[in-house]
Amino acid sequence: MLHLLKRHPLPVSAFFRHSLVLTYAFPRNVLEPLLPSGLTLDTHGDLGFLAIAMVETERLRPSFLPAAFGRSFFLSGYRIFTRFSGASSQRGLRIVRSDTNHQWMVCAGNLLTHYHYRLCEAELRTPQTNCTGPFARPARRPI
């Protein structure tokens with residue numbers, strides 16, 4: 001029953017202050033060990049793809065609540081582009097890792113999603129209009 005709860009049971013609203021998404025190509029043999037059986041890499045030639053998304057989120061909350069009830073924090077996600085084995089037209093993303101800089105989001109996010117959030121330290125520096133971050137590293141304290 002808990003797995004049904006982790007399918008985003010509540011619609012959410014948020015504002016993304018900053019967002020950076022990078023996609024990297026890796027040789028197939030680097031990414032394949034990270035996939036469970038039933039999934040294969042979505043490839044171009046011998047290359048698979050890993051996307052890293054970093055977002056400064058503001059006022060994230062269930063959609064039925066006013067913005068004043070929202071929380072603001074950093075989120076990052078690491079995803080591998082995949083296909084279902086034997087079904088070349090069904091594509092998706094395999095979650096490899098998810099980070100946030102707030103313990104509240106680790107708890108709430110892990111209760112209500114399958115993203116497996118981990119606590120990190122993150123800093124976003126934006127002098128004037130030049131974005132020079134975000135930078136994330138694992139939290140210093142054990143979780």
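With sequence neighbours excluded, the residues satisfying side chain to side chain contact (heavy atoms under 4.5 Å, CB included) with Leu41 are Arg28, Leu31, Glu32, Leu35, Thr43, Ile80. Ile95 pairs by the side chain to side chain contact (heavy atoms under 4.5 Å, CB included) definition with Arg79, Ser98, His114, Tyr115, not counting sequence neighbours. For Ala67, the side chain to side chain contact (heavy atoms under 4.5 Å, CB included) test picks out Arg59, Arg61, with sequence neighbours left out.
To the nearest 0.5 Å, the span separating CZ on Arg97 from CD1 on Ile52 amounts to 10.5 Å. Rounding to the nearest 0.5 Å places OG of Ser13 at 14.0 Å from CD of Glu58. To the nearest 0.5 Å, atoms SG (Cys107) and CG (Leu112) are separated by 11.0 Å. The line from NE2 of His102 to CG of Leu75 is 9.5 Å long, rounded to the nearest 0.5 Å. Here the OG1 atom belonging to Thr57 is positioned 5.0 Å from the CZ atom belonging to Phe16, to the nearest 0.5 angstrom. Atom CG of Asn110 and atom OH of Tyr117 lie 8.0 Å apart (nearest 0.5 Å).
Annotation for Tyr24: atom OH does not count as buried by contact number, only 12 or fewer foreign heavy atoms lying within 6.0 Å.
Connection of Phe81 to Val30 is not established within any shared hydrophobic cluster, with ILVMFWY side chains joined at heavy-atom distances below 4.5 Å, either directly or through further cluster members. With hydrophobic clusters built from ILVMFWY side chains whose heavy atoms lie under 4.5 angstrom apart, Leu10 shares a cluster with Phe69. If you chain together hydrophobic residues whose side chains sit under 4.5 Å apart, Val96 and Phe26 fall into the same group. Tyr78 is connected to Leu34 through a chain of hydrophobic side-chain contacts under 4.5 Å among Ile, Leu, Val, Met, Phe, Trp and Tyr, so both are in one cluster.
In this structure, Glu56 and Ser72 have side chains that are not in contact, with every pair of non-hydrogen atoms separated by 4.5 Å or more. Between Phe73 and Leu60 there is a side-chain heavy-atom pair separated by less than 4.5 Å. Within the 4.5 Å cutoff, side-chain heavy atoms of Met54 are placed close to those of Leu22.
Closest of all the heavy-atom pairs between Ala25 and Leu47 is CB-CD1, 4.0 Å. Taking all atoms of both residues into account, the shortest heavy-atom contact from Phe49 to Asp42 is CD1-O, 3.7 Å.
At least one donor-acceptor pair closer than 3.5 Å links the side chain of Thr100 to the backbone N or O of Phe74.
Side chains of Ser85 and Thr40: a donor-acceptor N/O pair is absent below 3.5 angstrom, by distance only.
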